[in-house]
Amino acid sequence: MTQTTTQHQAAPVPGLTDRDAGTTLEPALREATAVVPDRVSPAGAVLPGASPDVLTPDAPSPDAPTPDAATPEEAATPARRRAAISPSRAKDFRQCPLLFRYRAVDRLPEPPSQAAVKGSLVHAVLEHLFDLPAAGRTEQAAQELLDPQWQELQASRPDVLGMFAGPEDLGAWLAEARSLLTQYFRMENPTRLEPAEREMLVETELASGILLRGYVDRVDVAPNGMVRVVDYKTGRSPNPRFQDEALFQMRFYALMLWKLHGRVPARLQLVYLGDGRTLTHDPVEEELVALERDLEGLWESIAGAARARDFTYRTSKLCSWCSFQSLCPAFGGEVPPLPPEGVEHLLTVQGA
């Protein structure tokens with residue numbers, strides 16, 4: 001069941017309320033998540049002990065037209081651990097195989113966008129808000145977290161200051177971020193929540209050998225083991241015609257968690273701070289089985305393009321937001337040679 005609500009509090013999950021959400025982490029989930037304890041900074045820089053791969057975003061995914069672009073630091077980092085399919089890279093390939101190639105194989109840097117960086121900043125504040133004692137999770141506390149998180153983000157990504165024409169432009173942007181935090185407190189009461197996990201790196205291998213990886217904003221677990229997966233979005237909620245596309249990322253997370261601990265999450269919840277709406281969906285096992293088949297088919301297409309050394313471009317309205325127009329034949333650009341080491345690493349997605 002999928003529903004959108006404008007209520008300040010989303011519909012409750014059976015067995016899980018805001019008062020007790022996350023107070024008990026079911027043992028199977030605790031064991032599964034302990035395998036991948038990597039953490040990331042709000043700006044997307046991987047902290048010591050974590051190794052970025054070419055397909056997985058290294059930061060919470062903001063809902064921007066061009067999410068999860070590789071930073072200059074990521075692009076310069078030699079590929080290291082096994083590649084995996086993430087929700088963002090899966091969407092990239094379905095949108096445009098050439099876009100996928102530039103991000104996942106060539107790992108070309110992209111300039112930061114105000115929408116994406118604002119999403120990262122707000123995500124960082126909401127993550128660190130839950131470091132505070134429950135009684136201290138007030139709107140004032142969240143607003144006080146914004147400036148230090150912005151400073152930390154600048155330290156990790158000095159190029160973000162280039163997004164602004166001047167102090168007034170920066171001030172207006174920060175004011176927008178503050179308004180999103182205000183909206184969050186109209187939608188949830190964090191003093192009544194104890195998340196089991198925040199900004200959790202989840203990784204699992206399907207029976208076909210395909211490795212999946214992604215970051216989950218928040219996981220709430222009730223004492224009876226019922227799981228709610230929550231993702232914050234700083235944009236506006238989608239038109240009902242596009243809700244299934246919006247839920248793809250959440251179903252992807254649900255599939256991974258189901259494979260890891262054997263229980264389908266009770267609820268998937270998208271919190272849209274841009275317009276104060278909450279999109280919820282209660283997944284069932286059959287749809288996750290279907291998603292697994294779809295991802296296997298998608299990987300066959302990706303692997304086929306890699307082996308044929310042919311990532312074709314596909315035009316759409318989303319081309320307006322693409323950072324790679326100068327390298328796209330649709331805009332008169334020339335496609336550079338395909339890096340063989342990038343292709344070799346990409347093919348590690350599917351194990352033997």
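The figures here come from the full heavy-atom set of this structure, side chains too, leaving out hydrogens, waters and symmetry mates.
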Full working for side-chain contact (heavy atoms from CB on, under 4.5 Å) between Val271 and Lys233: CA-CA 6 Å; Val271 179; Lys233 297 295 182 183; over 6 Å; no
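- The pair Asp244-Arg251 counts as a salt bridge, with a side-chain nitrogen and a carboxylate oxygen less than 4.0 angstrom apart.
- A continuous path of Ile, Leu, Val, Met, Phe, Trp and Tyr side chains, each step under 4.5 Å between heavy atoms, connects Leu298 with Val289, placing both in one hydrophobic cluster.
- Considering only heavy atoms from C-beta on, Asp231 stays 4.5 Å or farther from Val216 through its side chain.
- When all heavy atoms of Met226 and Ala266 are compared, the closest pair comes out as CE-CB, 3.6 Å.
- The side-chain heavy atoms of Phe242 and Leu247, taken from C-beta on, include no pair separated by under 4.5 Å.
- Salt bridge absent: Asp217 and Arg198 never bring a charged side-chain N and a carboxylate O closer than 4.0 Å.
- Annotation: Glu344, atom CD; neighbour count of heavy atoms from other residues, nucleotides and ligands within 6.0 Å does not exceed 12.
- Side chain to side chain, Tyr232 and Arg218 meet the donor-acceptor criterion of an N or O pair below 3.5 Å.
- Judged by the 6.0 Å distance and 45° axis criteria, Arg94 is positioned over the aromatic ring of Phe248.
- In terms of modelled atom types and a separation under 3.5 Å, the side chain of Arg82 and the main chain of Val349 share a donor-acceptor contact.
- Phe324 and Arg103 make their closest contact through CE1-CG, 4.0 Å (heavy atoms, listed as atom of the first residue, atom of the second, distance).
- In this structure, Trp299 contributes its side chain and Ile210 its backbone to no donor-acceptor pair below 3.5 Å.
- Asn189 places a side-chain N or O within 3.5 Å of a backbone atom of Thr191 that can act as its donor or acceptor partner.
- Side-chain atoms of Arg263 come within 3.5 Å of backbone atoms of Gly225 as a donor-acceptor pair (strictly under, hydrogens ignored).
- Counting all heavy atoms, side chain and backbone alike, Pro190 lies closest to Phe185 at CG-CE2, 3.5 Å.
- A 4.5 Å side-chain heavy-atom check between Gln95 and Leu318 finds at least one atom pair inside the cut-off.
- What you find for Leu346 and Ala306 is that their closest heavy atoms are CD2-CB, 3.9 Å.
- To the nearest 0.5 Å, atoms NZ (Lys118) and CE (Met163) are separated by 9.5 Å.
- Taking CD from Glu127 and CE from Met200, the interatomic distance works out to 12.5 Å, rounded to the nearest 0.5 Å.
- With rounding to the nearest 0.5 angstrom, the CD atom of Gln269 is 10.0 Å from the CG atom of Asp282.
- A donor-acceptor pair is defined here as one N or O able to donate and one able to accept, closer than 3.5 Å; such a pair exists between the side chain of Tyr102 and the backbone of Leu327.
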Candidate pair Gln143 and Arg178, rule side-chain hydrogen bond (donor to acceptor under 3.5 Å, both in side chains), full reasoning: CA-CA 7 Å; Gln143 298 290 355; Arg178 293 189 182 282; 3.1 Å; yes
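- A donor-acceptor pair is defined here as one N or O able to donate and one able to accept, closer than 3.5 Å; no such pair exists between the side chain of Tyr184 and the backbone of Val122.
- Residues Val219 and Val230 have side chains not in contact (no heavy-atom distance under 4.5 Å, counting atoms from C-beta outward).
- Using modelled atom types, one side-chain atom of His123 and one backbone atom of Gly119 make a donor-acceptor pair closer than 3.5 Å.
- With a 4.5 Å cut-off on side-chain heavy atoms, Pro111 and Asp159 do not count as touching.
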Should Leu181 and Leu145 be marked as a side-chain contact (heavy atoms from CB on, under 4.5 Å) after you check the CA-CA gap, both sets of side-chain angles, and the distance that decides it? CA-CA 10 Å; Leu181 294 175; Leu145 284 170; over 6 Å; no
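- Listed for the Gln149 side chain is no donor-acceptor partner under 3.5 Å among the backbone atoms of Leu146.
- Side-chain contact between Arg213 and Ile85: absent, with no pair of heavy atoms (C-beta onward) separated by less than 4.5 Å.
- Val125 is connected to Leu193 through a chain of hydrophobic side-chain contacts under 4.5 Å among Ile, Leu, Val, Met, Phe, Trp and Tyr, so both are in one cluster.
- Both Leu212 and Leu347 belong to a common hydrophobic cluster when Ile, Leu, Val, Met, Phe, Trp and Tyr are linked at side-chain heavy-atom distances under 4.5 angstrom.
- Listed for the Asp310 side chain is no donor-acceptor partner under 3.5 Å among the backbone atoms of Ala305.
- Side-chain contact check for Phe100 versus Lys91: every heavy-atom pair is 4.5 Å or farther apart.
- Between atom CD of residue Glu188 and atom OG1 of residue Thr278 there is a gap of 7.0 Å, rounded to the nearest 0.5 Å.
- Between Asp92 and Arg89, the shortest heavy-atom contact is OD2-NE, 2.7 Å.
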Evaluate side-chain hydrogen bond (donor to acceptor under 3.5 Å, both in side chains) for Gln350 paired with Ser208, printing each intermediate quantity in order. CA-CA 8 Å; Gln350 187 168 22; Ser208 57; 4.7 Å; no
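- For the residue pair His128 / Glu199, no side-chain donor-acceptor distance below 3.5 Å is found, with atom types taken as modelled.
- Hydrophobic clustering, with ILVMFWY side chains joined whenever heavy atoms are under 4.5 angstrom apart, keeps Phe331 apart from Val335.
- Residues Ser120 and Leu153 share a closest heavy-atom pair of CB-CD1, 4.3 Å.
- Classification of Arg137 and Glu194 as a salt-bridged pair holds, one side-chain N sitting under 4.0 Å from a carboxylate O.
- Residue Thr315 holds its OG1 atom at 12.0 Å from CG of Leu98, rounded to the nearest 0.5 Å.
- Atoms CD and CG, from Glu176 and Leu121 in turn, are 11.5 Å apart once rounded to the nearest 0.5 Å.
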Could you go through the side-chain contact (heavy atoms from CB on, under 4.5 Å) check for Ser237 and Leu279 one step at a time? CA-CA 8 Å; Ser237 59; Leu279 175 62; 6.0 Å; no
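- Surrounding CD of Gln140 are at most 12 heavy atoms belonging to other residues, nucleotides or ligands under 6.0 Å away.
- Ion pairing of Glu292 with Lys259 is present here, as a side-chain N (NZ or NE/NH1/NH2) and a carboxylate O approach within less than 4.0 Å.
- Without hydrogens or angle criteria, Thr204 side chain to Met256 main chain gives no donor-acceptor distance under 3.5 Å.
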Step by step, would you call Phe252 with Leu288 a side-chain contact (heavy atoms from CB on, under 4.5 Å)? CA-CA 8 Å; Phe252 193 106; Leu288 301 186; over 6 Å; no
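- Two residues are said to be in side-chain contact when any heavy atoms from C-beta on lie closer than 4.5 Å; Trp150 and Leu174 meet this criterion.
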